[in-house]
Amino acid sequence: MKTVKYYIVGLIGLCSLTGCSDFLDRYPQDAMSDQSFFTSETDLEYYMNGLYNENIIRKQSSLRWNDLNKANDDVVGSSPADALMQHSTSGVASEKNDTWNNSYDYIRKANYFLANAHKVGNMSAVGKHFLGEGFYCRAAKYFDLLQTFGGVPYIDKVLDTESEELYKQRDSRQFVAERIIADLDSAVMYLQWKGEGKAKAGRINKEAALVLQTRVALYEGSWEYYHGRKGTKFQVSGQDGTAFLKKAAEAGEMLIQKHGGNLYKGSKGNEYFEYFNQMDYSNIPGAFLYKCYSRSLAVIQTWCRSYAEGTDNGITKSAVNSYLMKDGKPAEVSDIVFDPKSMNSLAENKDPRLAQTIWAPNKGRFYDYMPAIPNAHKTSYPGLIQNQQRRPSYSGYRIWKGVSFDAAEFDNGEVDDLIIRYEEGLLNFAEAKAILGTITQDDLNKSVNYIRARVGMPGMNLSEINSWNIAYKKQEGYDTGAPNIVNEIRRERRVELMLEGLRLSDIKRWAMFDDVFNGWKPVGAYAQEYLDYWNDAEKVLADGFDWKKPEEVILTQGNNFDVIDGWINPLYKNADFKVNSGRGYYIDPDRDYLSSIPRSEILLYKEKAGVTLEQNPGWY
């Protein structure tokens, strides 16, 4: 039976104490005086419950992975990603930006908590835990701002309408990143380890803070390193990222000392797949921060319905190509013979995580897994058009990671949303040390090789990897001038964290946004395999397909189907992705790494305080 989630119960208790008013939407207010509220550690808990919203425990729509992969080279749908289609963008800054306004509103609430929490007096470990949550929340929100805008005005106290700092200039991204790291140092100091005291059932814990610290430190360290080396408009003068990279390695080491090789491992053949289908992560190793869902508390998700039916999106050929062969080597140097045009051959011969991330025909039919779920398709191939499947996979590589076979999950999902996990911390640790040039075989053994062991993949061997004669490609996100180990850790990161929302951030911090996307036309699976199935009425009917007539599911090139060099072209309806004439994706390398500072804010700062809020490169 699914565990009742503590933080939700806390919210319900708070409602009962306040008459279920809009308390959580009203703080901080003058009416909430130090004397009337911050008098006990329970008050600290109640206040922090109010900060557990989509800023920290993300809010998901019915399309879990789609929300996290709106613009990258791992996923493609039936229309281009808007963020990667900047051919005609003029450079005029946006009038408003919700990230700017909403973030500072949230930060004010976190600042109010941190400014008043000490009024409780001598805190026990429990009280200090909630203090740690406050530092974590402020750090997480400033990290959102850092990734979106770069340097921003850094405010760490509660301001009123007369405060001089209300219209301060932007602080440098170096300074903002340092303050985020400092807040996370405080969070790590005060938070309890997962499972201790209040660090239970979906609450922030010490492990989550350490993983976030490795993420922030690796992000800023590699941003400084790569943008500086490339000489972009976003380089940080006088900085090479070393201090941040060392901090990422240090925080990763602390995680490793605590958890070693204790990773979750599912049943045979589903060691990785089952990690993302848990209804309660409280006892799952490596699951450090997650959003809890419960039917009994009317907190449900519906993505299980979407991923059972299909989500329109599919994995790209670029992503599939990134998986190593099952002997732990790239196809270029592996002795394994396989057919890259066959989905079954790919699933059987590549890293087992591929077969646990995408659908392959050798699994059987969707219906065989989900007979009690409406619209479970009686086919062994995903649909490419609407007549074949209610929500087709336009690339042909159908997303399988995160699918649930439980009919009860179809409309009232209780599968929890895993947000921060140990494996990312291990990969952040390994990448930071690889960039620094200090990585050793022991470092690989206690990071990447723990991850690989779960699915039976051979471990990384440092000397062997650096001896490979591999032609790494910039458009796949690789550094052609780096030692092989740097690129193989990038590959491992892409594979292990596939669909989890980190890929675009990685590409930007590597200063490869334009290298990866400019001129790129994403493709999917090998087209002929789909033509051979869907255009053969006997095969389709033999699978039990009864949704449409066989003549209604035929694929006709130039009508409802197109290819590029033999591979499915999901975006063929858009002129920019035509086989020969299309321009493909485009971003401005001198502008699009960062969003524009809203014009309304620039005007407000100038009118209210005579302060010039500097605009980001390329925007006006």
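Keep in mind that what you see is a predicted model, and the values were worked out from it rather than measured.
- The side chain to side chain donor-acceptor pair (under 3.5 Å) with Glu207 is formed by just one residue from the set Lys194, Gln192, His259; it is His259.
- There is a side-chain donor-acceptor pair under 3.5 Å between Glu488 and Tyr472.
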Contacts table for residues 419-428: side-chain donor-acceptor under 3.5 angstrom, sequence neighbours left out:
{"residue": "Arg421", "atom": "NE", "partner": "Glu500", "partner atom": "OE1", "Å": "3.0"}
{"residue": "Arg421", "atom": "NE", "partner": "Glu500", "partner atom": "OE2", "Å": "3.4"}
{"residue": "Arg421", "atom": "NH1", "partner": "Glu423", "partner atom": "OE1", "Å": "3.2"}
{"residue": "Arg421", "atom": "NH1", "partner": "Glu496", "partner atom": "OE2", "Å": "2.7"}
{"residue": "Arg421", "atom": "NH2", "partner": "Glu496", "partner atom": "O", "Å": "2.7"}
{"residue": "Arg421", "atom": "NH2", "partner": "Glu496", "partner atom": "OE2", "Å": "3.2"}
{"residue": "Arg421", "atom": "NH2", "partner": "Glu500", "partner atom": "OE2", "Å": "2.7"}
{"residue": "Tyr422", "atom": "OH", "partner": "Gly260", "partner atom": "N", "Å": "3.4"}
{"residue": "Tyr422", "atom": "OH", "partner": "Gly260", "partner atom": "O", "Å": "2.6"}
{"residue": "Glu423", "atom": "OE1", "partner": "Tyr275", "partner atom": "OH", "Å": "3.0"}
{"residue": "Glu423", "atom": "OE2", "partner": "Tyr275", "partner atom": "OH", "Å": "3.4"}
{"residue": "Glu423", "atom": "OE2", "partner": "Arg454", "partner atom": "NH1", "Å": "2.8"}
{"residue": "Glu424", "atom": "OE1", "partner": "Arg215", "partner atom": "NE", "Å": "3.4"}
{"residue": "Glu424", "atom": "OE1", "partner": "Arg215", "partner atom": "NH2", "Å": "2.8"}
{"residue": "Glu424", "atom": "OE2", "partner": "Arg215", "partner atom": "NE", "Å": "2.8"}
{"residue": "Glu424", "atom": "OE2", "partner": "Asn428", "partner atom": "ND2", "Å": "3.2"}
{"residue": "Asn428", "atom": "OD1", "partner": "Arg493", "partner atom": "NH1", "Å": "2.7"}
{"residue": "Asn428", "atom": "OD1", "partner": "Arg493", "partner atom": "NH2", "Å": "3.4"}
{"residue": "Asn428", "atom": "ND2", "partner": "Thr214", "partner atom": "OG1", "Å": "2.8"}
{"residue": "Asn428", "atom": "ND2", "partner": "Glu424", "partner atom": "O", "Å": "3.3"}

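- Between Lys141 and Asp144, at least one side-chain nitrogen of the basic residue sits less than 4.0 Å from a carboxylate oxygen of the acidic one, meeting the salt-bridge criterion.
- A salt bridge links Glu95 with Arg599; the closest basic N to acidic carboxylate O contact falls under 4.0 Å.
- For the pair Ser395 (side chain) and Tyr397 (backbone), a donor-acceptor distance under 3.5 Å is present.
- Residues Tyr142 and Asp183 have side chains that never bring a donor and an acceptor to within less than 3.5 angstrom of each other.
- A salt bridge does not link Asp185 to Arg179: none of the charged nitrogens lies less than 4.0 Å from a carboxylate oxygen.
- Between Tyr225 and Phe244, the distance separating the two ring centers is not shorter than 6.0 angstrom.
- Salt-bridge check for Arg138 with Asp156: failed, with every basic side-chain N at 4.0 Å or more from each acidic carboxylate O.
- For the atom pair CZ of Phe149 and CZ of Arg173, the computed distance is 12.5 Å after rounding to the nearest 0.5 Å.
- Without hydrogens or angle criteria, Glu224 side chain to Gly241 main chain gives a donor-acceptor distance under 3.5 Å.
- Checked for salt-bridge contact, Arg203 and Glu133 meet the test: a charged N lies under 4.0 Å from a carboxylate O.
- Taking the centre of each ring, Tyr585 and Phe577 come in below the 6.0 Å mark.
- When each of Lys317, Arg494, Lys401 is paired with Asp74, the salt bridge (Lys or Arg N to Asp or Glu O under 4.0 Å) condition holds for Arg494 and for no other.
- The only member of Tyr281, Tyr52, Phe276 that meets ring pair (Phe, Tyr, Trp, His ring centres under 6.0 Å) when paired with Tyr290 is Tyr281.
- In summary, Arg353 and Glu492 engage in a salt bridge, as defined by a charged side-chain N under 4.0 Å from a carboxylate O.
- For the residue pair Thr612/Lys606, the side-chain donor-acceptor check at 3.5 Å is satisfied.
- Under the salt bridge (Lys or Arg N to Asp or Glu O under 4.0 Å) criterion, Lys168 pairs with Asp171, not counting sequence neighbours.
- Side-chain contact check for Ser318 and Glu476: no donor-acceptor pair (N or O, by modelled atom type) lies under 3.5 Å.
- Between Lys233 and Asp590 there is no salt bridge, since no side-chain N of the basic residue sits under 4.0 Å from a carboxylate O of the acidic one.
- A side-chain N or O of Ser222 and one of Arg509 form a donor-acceptor pair less than 3.5 Å apart.
- Annotation: cation-pi pair Lys258/Trp193 present, NZ/CZ under 6.0 Å from the ring centroid and within 45° of its normal.
- A donor atom on one side chain and an acceptor atom on the other are not found under 3.5 Å apart for Asp105 and Asn102.
- A distance of 11.0 Å separates CG in Asp514 from CD in Gln475, rounded to the nearest 0.5 Å.
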